[in-house]
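Ligands are counted one by one from 1 in listed order, and the atoms in each one are counted from 1 as well.
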Amino acid sequence: MLLIKNIGTLQTPVGSCKHGGGKQGENIKLHDAAILIEDGIIKAITQGGILPEGCENAEVIDAGGALVTPGLIDCHTHMVFGGYRQGEIPLKLRGATYLDILRAGGGILDTVGKTRAATEDELYEKTKAFLDEMLTLGVTTAESKSGYGLDLENELKQLRVNKRLQADHKMDLVSTFLGAHAIPEEYKGRADEYIDLLCDVVLPAVKEEGLADFVDVFCEDSVFDVTQSEKMLKAGQALGLRARIHADEIEEIGGAVLSGELGAISAEHLIATGEKGMASMAKGGVIADLLPCTSLYLNKTFAPARRMIELGIPVAIASDFNPGSCPSLNLQLAMSMGYVKYHMTPEEILTAVTINAACSCGLEEKVGTLEVGKQADIVIWNAPDMEMLVYRFGSNLAKTVIKRGEVV
Ligand code: NIG
Ligand code: FE
């Protein structure tokens, strides 16, 4: 048994469902609180200086009056990749756009070459180190996409890394098949045929080995159009994978509208999304996974988060960690960007990186709030309150990270 006592403020959303509209900003705040943990599960929560019954023999952590929240959840990453792409930055600074670089065979396709060249073990070790780093930053659950293999062998290789890490690593990890992330060189000009390969050959193999929980597609100008995206996502849904979609990251070509029509679990990026896309998302109950560090790094505008909240769309915030558009895996930084660029409140931001992100990962029954019966994924912060946490951008304010009841 573990007892965390002397918690200045315990702040958490409640319930095991996504929160949109006014509920996005609803957190409970308990003062002078304590949490009792047994077998990795929260057994009791008390406040007002009272300690839970039966805590006498527990090991004790004194939170020293600090802020305590649920472990953070990063619901959108591309963390399994070969090499890096630091050489792209000078090109970008000279004016090349993200899509210019991709059309010229760089960008994602550059990483595809490096990922194909890497062994599964090399990718495993590299990704494991990223997960270790994420834990130190207070992230206790994450999503991980494929999409740098773009053929049967290499997509499976990336997803097998996810599967091994699901078994070996402390992090709770959900796996997404993003074979439709770019058109590989060998299918240049033949995007429809590539989608057929994914639907007819790769996806069934992914399903057969139980390698993914979700199917995703990069629905974007010069990448996959709405018709191709719909085909890909429906093929995944037919095999029992839940759909998510990279929508309106750069151009608004209809991805957000499609997400609502298909009842996708989430639509992600949404930098260029307008009223029609948001109306469809609101109607379809789609979570908006927003990625502010990508806007920052691509020198783009920021997704219309406030309008989404007004429309009742549940907002999640994630890192988008990848070697191109966001080489940072620091979710605390994304939270600060949510504060100053999306104008979200600290309470709305906490909901975005905990329960709403948990819903986007399909793990809302298990994680995402501090409540009796939930997994004891907890962060003690070097901060007295959420205001301080989102204000001090760039520092790692996670003081003690507890995963399934154990200090990591
Ligand atoms: O979410 N947009 C597509 N995928 C990633 C970028 C991947 C890359 O540039 O390697 C994203 O931004
Ligand atoms: Fe992404």
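- Excluding water, every protein N/O/S atom under 2.8 Å from the Fe ion (ligand 2) is given here by residue and atom: His76 NE2, His78 NE2, His246 NE2, Asp320 OD1.
- Inspection of the His269 and Asp248 side chains reveals no N or O donor paired with an N or O acceptor under 3.5 Å.
- Phe218 and His246 have perpendicular rings, their planes meeting at more than 60° on a 0 to 90° scale where under 30° would count as parallel.
- Of the listed residues (Gln158, His181, Arg244, Met79), just one forms a side chain to side chain contact (heavy atoms under 4.5 Å, CB included) with Lys145, and that residue is Arg244.
- The side chain to side chain contact (heavy atoms under 4.5 Å, CB included) test with Asp74 is passed by exactly one of Cys361, Ser319, Ser144: Ser319.
- Residues Asn27 and Glu348 have side chains that never bring a donor and an acceptor to within less than 3.5 angstrom of each other.
- Every protein residue with a heavy atom nearer than 4.0 Å to ligand 1 is included here: His76, His78, Arg85, Tyr98, Ile108, Tyr148, His181, Phe218, His246, Glu249, His269, Asp320, Asn322, Gly324, Ser325.
- Inspection of the Asp377 and Gln375 side chains reveals an N or O donor paired with an N or O acceptor under 3.5 Å.
- Asp216 and Thr176 share no side-chain donor-acceptor pair at under 3.5 Å.
- For Tyr297 and Tyr98, the gap between ring centers reaches or exceeds 6.0 Å.
- Between Thr369 and Lys374, the side chains place a donor N or O and an acceptor N or O closer than 3.5 Å (distance only, hydrogens not considered).
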